[in-house]
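Down below is the structure, laid out as structure tokens.
Here, residue 1 is the first one in the sequence, and each next residue gets the next number. Small disclaimer: the values here were computed from a predicted structure and weren't measured.
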Amino acid sequence: MAKSTDPSEKLVEAALDIAAEQGWRRVSPAGAAARAGLGIAHAYDCAGDRGRLLALIVRSVDLAVLRRIDVEDEDPARERLFDVLMTRFDVLNEHRDAFLSILLELPESPAVALCSVPRLETSMRWMLEAAGIEARGVAGGATVRGLCLLWIAVLRVWAADDSADMARTMAALDQRLSQAEQWASSLTPRLEALDRFFVRAAETARSRGKRKVDSGPTDELQA
């Protein structure tokens, strides 16, 4: 990620530098702000605690991927998603020591780890969008959560993959996407049917409610 003049991005860059040098446990919003030459007010405004700072770091990764990715619409969905996720690993590799430190030490901070789950779902939803894959309704929610699990599994491989071309990471990602594709082919039609059921139920409820309003008060109430 290139150097920036934006306060939040400078805070992220400083936090990653500290994490790489001293470990994630030594990172704080105030310390990152001091490292970046920002005032304490910037630390509070951009990231009032470590959980928000981690969310800011993850958001910076999301933005870096979205700025770089340029998938071809005619490519199969699996290939597009592969390109998006490998671009994400490329971004992580630029601050590899920092992100390895976060991965190793985050389990020691359960509260921060728990708060990062919704942020991960948001990230994976945007990765699907970047790949041109819709993630709406029951089926979309299952796809997002499945991609979260896939990402975590391959992230563990990336953490141990010190090769220059990330060959092990690419192989693991390809294998996991293949498994996910098989899973989706059998489960997605059922989830889409469930989506249609909920839509019809909602339409029926609205229609009944409208008829009640249109019919006016009952005779008992009029009396």
Side-chain angles (χ1 to χ4, degrees), residues 1-25 27-29 32-33 35-36 38 42-43 46-71 80-107 109 112-133 135 143-162 166 169-170 172-173 176-177:
M1 288 173 277
K3 296 295 182 182
S4 171
T5 57
D6 180 86
S8 63
E9 293 187 4
K10 290 179 69 175
L11 194 69
V12 166
E13 291 164 4
L16 291 175
D17 287 343
I18 296 171
E21 296 167 6
Q22 304 176 35
W24 171 248
R25 71 186 68 188
V27 177
S28 69
R35 174 72 172 257
L38 300 171
H42 278 113
C46 297
D49 54 49
R50 281 163 55 86
R52 287 178 59 192
L53 180 58
L54 179 61
L56 201 62
I57 291 171
V58 175
R59 181 177 181 274
S60 73
V61 174
D62 295 342
L63 282 171
V65 175
L66 297 175
R67 286 167 178 162
R68 296 181 192 187
I69 199 64
D70 184 21
V71 298
R80 298 197 305 267
L81 187 55
F82 180 89
D83 289 342
V84 169
L85 295 180
M86 282 308 304
T87 299
R88 193 175 184 86
F89 281 118
D90 286 336
V91 173
L92 295 187
N93 256 354
E94 293 173 6
H95 291 279
R96 181 176 177 83
D97 289 343
F99 284 113
L100 286 178
S101 172
I102 292 172
L103 288 174
L104 289 172
E105 297 175 23
L106 191 57
S109 306
V112 175
L114 186 62
C115 291
S116 67
V117 172
R119 177 64 251 185
L120 178 59
E121 290 188 358
T122 298
S123 295
M124 293 300 106
R125 191 176 296 276
W126 276 103
M127 297 304 99
L128 288 167
E129 292 283 356
I133 300 172
T143 300
V144 170
R145 289 174 179 82
L147 187 58
C148 287
L149 294 175
L150 182 152
W151 172 256
I152 291 170
V154 182
L155 194 61
R156 291 171 180 161
V157 177
W158 170 81
D161 184 3
D162 56 2
M166 290 192 289
T169 303
M170 287 192 289
L173 179 58
R176 292 284 181 171
L177 286 175

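Dense packing is recorded around CZ of Arg96, with more than 12 heavy atoms of other residues, nucleotides or ligands lying under 6.0 Å away.
In plain terms, the two heavy atoms of Pro29 and Ala43 that are nearest each other are O-CB, 3.4 Å. Between Ala32 and Ala14 the shortest heavy-atom distance is O-CB, 3.2 Å. What you find for Arg88 and Val65 is that their closest heavy atoms are CA-CG2, 3.6 Å. Nearest heavy-atom pair, Leu56 versus Cys46, reported as atom, atom and distance to 0.1 Å: CD2-O, 4.0 Å. Listed here is the closest heavy atom pair of Ser60 and Val12: OG-CG1, 3.5 Å. Minimum heavy-atom separation, Val58 to Ser123: CG1-OG, 3.2 Å.
Between the CG atom in Asp17 and the CZ atom in Arg35 there is a gap of 5.0 Å [rounded to 0.5 Å]. One distance of note links SG of Cys148 with CG of Leu155; it measures 12.0 Å at 0.5 Å rounding. In this structure, Arg59 CZ and Glu9 CD are separated by 8.0 Å, a value rounded to the nearest 0.5 Å. Note that the CZ atom of Arg145 and the CZ atom of Arg125 stand 7.5 Å from one another [nearest 0.5 Å]. The CG atom of Leu104 sits 13.5 Å away from the CZ atom of Phe99 when rounded to the nearest 0.5 Å. A distance of 11.5 Å separates CG of Leu150 from OG1 of Thr143, quoted to the nearest 0.5 Å.
Here the options are Thr169, Leu147, Val154, Ile69, the test is side-chain contact (heavy atoms from CB on, under 4.5 Å), and the partner is Leu85; only Leu147 passes. Here the rule is side-chain contact (heavy atoms from CB on, under 4.5 Å) with Leu16, and of Ile57, Leu11, Val27 only Ile57 fits it.
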- Task: Show the numbers, then the answer: is there a side-chain contact (heavy atoms from CB on, under 4.5 Å) between Val144 and Trp126?
- Result: CA-CA 9 Å; Val144 170; Trp126 276 103; over 6 Å; no

- Message: One pair to check against side-chain contact (heavy atoms from CB on, under 4.5 Å): Asp62 and Arg119. What are the steps and the verdict?
- Response: CA-CA 10 Å; Asp62 295 342; Arg119 177 64 251 185; 2.4 Å; yes

- Item | salt bridge (charged side-chain N to carboxylate O under 4.0 Å, His left out) between Glu94 and Arg68, worked out | CA-CA 14 Å; Glu94 293 173 6; Arg68 296 181 192 187; 2.8 Å; yes

- Show the numbers, then the answer: is there a side-chain contact (heavy atoms from CB on, under 4.5 Å) between Phe89 and Asn93? CA-CA 6 Å; Phe89 281 118; Asn93 256 354; 5.9 Å; no

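Of the possible donor and acceptor atoms, one in the side chain of Ser101 sits under 3.5 Å from a partner among the backbone N and O of Trp24. The backbone N or O of Ile133 lies less than 3.5 Å from no partner atom in the side chain of Arg80, so there is not a single donor-acceptor pair.
A cation-pi geometry, defined here as NZ or CZ lying under 6.0 Å from the six-membered ring centre and within 45° of its normal, does not hold between Arg176 and Trp151.
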